[in-house]
Amino acid sequence: MTNTEEEAYEFPHRHLLGLRDYSADDILHVLDQAENFLEILNRPIPKIPTLRDKTIVNLFYENSTRTRLSFEMAQKRMGADVVNFSSSASSVSKGESLKDTIRNIESMKIDMVVVRHPSPGAAHFISRCVDAAILNAGDGAHEHPTQALLDLFSIRQKTGRLKGLKIVIIGDITHSRVVRSNIIGMTRLGVEVTLCGPRTMMPLFVEELGVTISYDLEACLEWCDVAMALRIQLERQEGGLFPSQREYHERFGIKKRHLKEFPDFTIMHPGPINRGVELESEVADHPRSIILNQVTNGLAVRMAALYLLSGGMRS
Ligand code: NCD
């Protein structure tokens with residue numbers, strides 16, 4: 001982490017609002033840093049003092065299990081002072097605006113803010129209101145950059161490469177922030193991306209992002225190296241986009257028989273999984289699934305992002 005080459009590279013970002021702002025080199029730099037943090041996490045005492053002079057607020061306006069725990073654990077592993085805020089237990093329920101909330105929190109002298117919010121653009125908005133470094137932990141159906149970074153990291157860890165790899169992303173493309181960040185990251189790194197899902201969940205003109213569309217799951221599973229299933233985002237839909245979860249599973253769920261028919265592809269899912277909808281239960285738990293590795297790697301990737309945005313190593 002301290003060799004001359006890495007010291008020479010100056011990370012050009014103050015925030016992580018979306019992968020749209022990050023070049024292929026920036027993305028690879030985060031992934032390479034995450035390798036170092038994964039090594040630290042495997043030590044008997046997985047703690048370092050890198051952020052001991054930093055105060056970080058986790059501002060969650062939407063439910064979260066993995067992302068929230070992962071950010072908090074990453075911050076604690078690096079010695080930061082951590083404050084958690086959830087909108088349901090705050091003055092938001094008394095009508096306080098996002099701008100007022102964040103300005104008040106900033107008055108308490110914070111250095112970084114991790115924010116999840118149901119409105120697309122919320123992280124950008126906050127970055128214009130305060131001086132702290134902002135990390136987007138998911139803004140509506142817009143972006144979820146640390147999820148895409150941990151997905152890229154996990155794919156590279158499993159297959160040893162990214163360039164030229166064939167990945168199919170299956171499911172509710174329209175409502176997924178995970179897919180949006182992944183399309184940006186994957187296409188920048190030379191991955192071939194196919195999107196597969198019901199026509200009612202496929203955004204218009206999405207091919208313009210450099211991806212291919214297919215409505216044939218089995219053709220995709222035959223073609224791909226990696227299949228990433230997405231959760232059906234019922235909370236973001238107005239309803240009626242597919243007849244039933246059973247029918248969705250019939251056409252777009254990955255089933256045990258697919259593992260036999262197509263012996264090569266690796267299985268991913270960002271969680272939370274609807275077992276029996278996106279994936280048959282045995283598929284989620286199969287040795288070819290790297291779903292739990294994604295969670296472990298998420299910690300290392302978030303440590304890397306926090307480290308880089310805090311201005312680098314101080315001790
Ligand atoms: C995703 C999210 O919240 O966008 N989950 C996650 O962060 N692990 C995906 C989802 O909710 O389906």
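Indexing begins at 1, ligand by ligand and atom by atom, following the structure's order. All values reported here derive from a predicted model rather than from experimental measurement.
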Nearest heavy-atom pair of Gly185 and Ile27: which atoms, and what distance? CA-CD1, 4.0 Å
Which pairs would a plain distance check flag for residues 127-135, meaning a side-chain donor or acceptor within less than 3.5 Å of a matching protein atom at least two apart in sequence or in another chain?
from   : atom 1 : to     : atom 2 : distance (Å)
Ser127 : OG     : His124 : O      : 2.6

Side chain to side chain contact (heavy atoms under 4.5 Å, CB included) filter on Glu282, not counting sequence neighbours, yields Lys256, Glu280
Heavy-atom closest pair (Thr55 atom, Lys109 atom, distance to 0.1 Å) is CB-O, 4.0 Å
Ligand 1 polar-atom proximity to protein (N/O, under 3.5 Å):
from     : atom 1 : to     : atom 2 : distance (Å)
ligand 1 : 3 (O)  : Arg116 : NH1    : 3.2
ligand 1 : 3 (O)  : Arg116 : NH2    : 3.2
ligand 1 : 3 (O)  : Arg177 : NH2    : 2.9
ligand 1 : 4 (O)  : Arg177 : NE     : 2.7
ligand 1 : 4 (O)  : Arg177 : NH2    : 3.3
ligand 1 : 5 (N)  : Gly271 : O      : 2.9
ligand 1 : 7 (O)  : Thr67  : OG1    : 2.9
ligand 1 : 7 (O)  : Arg116 : NH2    : 3.2
ligand 1 : 7 (O)  : His144 : NE2    : 2.7
ligand 1 : 8 (N)  : Gln147 : OE1    : 3.4
ligand 1 : 8 (N)  : Pro270 : O      : 3.0
ligand 1 : 8 (N)  : Gly271 : O      : 3.3
ligand 1 : 11 (O) : Arg231 : NE     : 3.3
ligand 1 : 11 (O) : Arg231 : NH2    : 2.9
ligand 1 : 12 (O) : Arg231 : NE     : 2.7
ligand 1 : 12 (O) : Arg231 : NH2    : 3.4
ligand 1 : 12 (O) : Gln233 : NE2    : 2.7

Within 45° cone and under 6.0 Å: Arg188 NZ/CZ vs Tyr22 ring: no
Looking at residues at least two apart in the chain, or sitting in another chain, which of them share a ring pair (Phe, Tyr, Trp, His ring centres under 6.0 Å) with Phe252? Tyr248
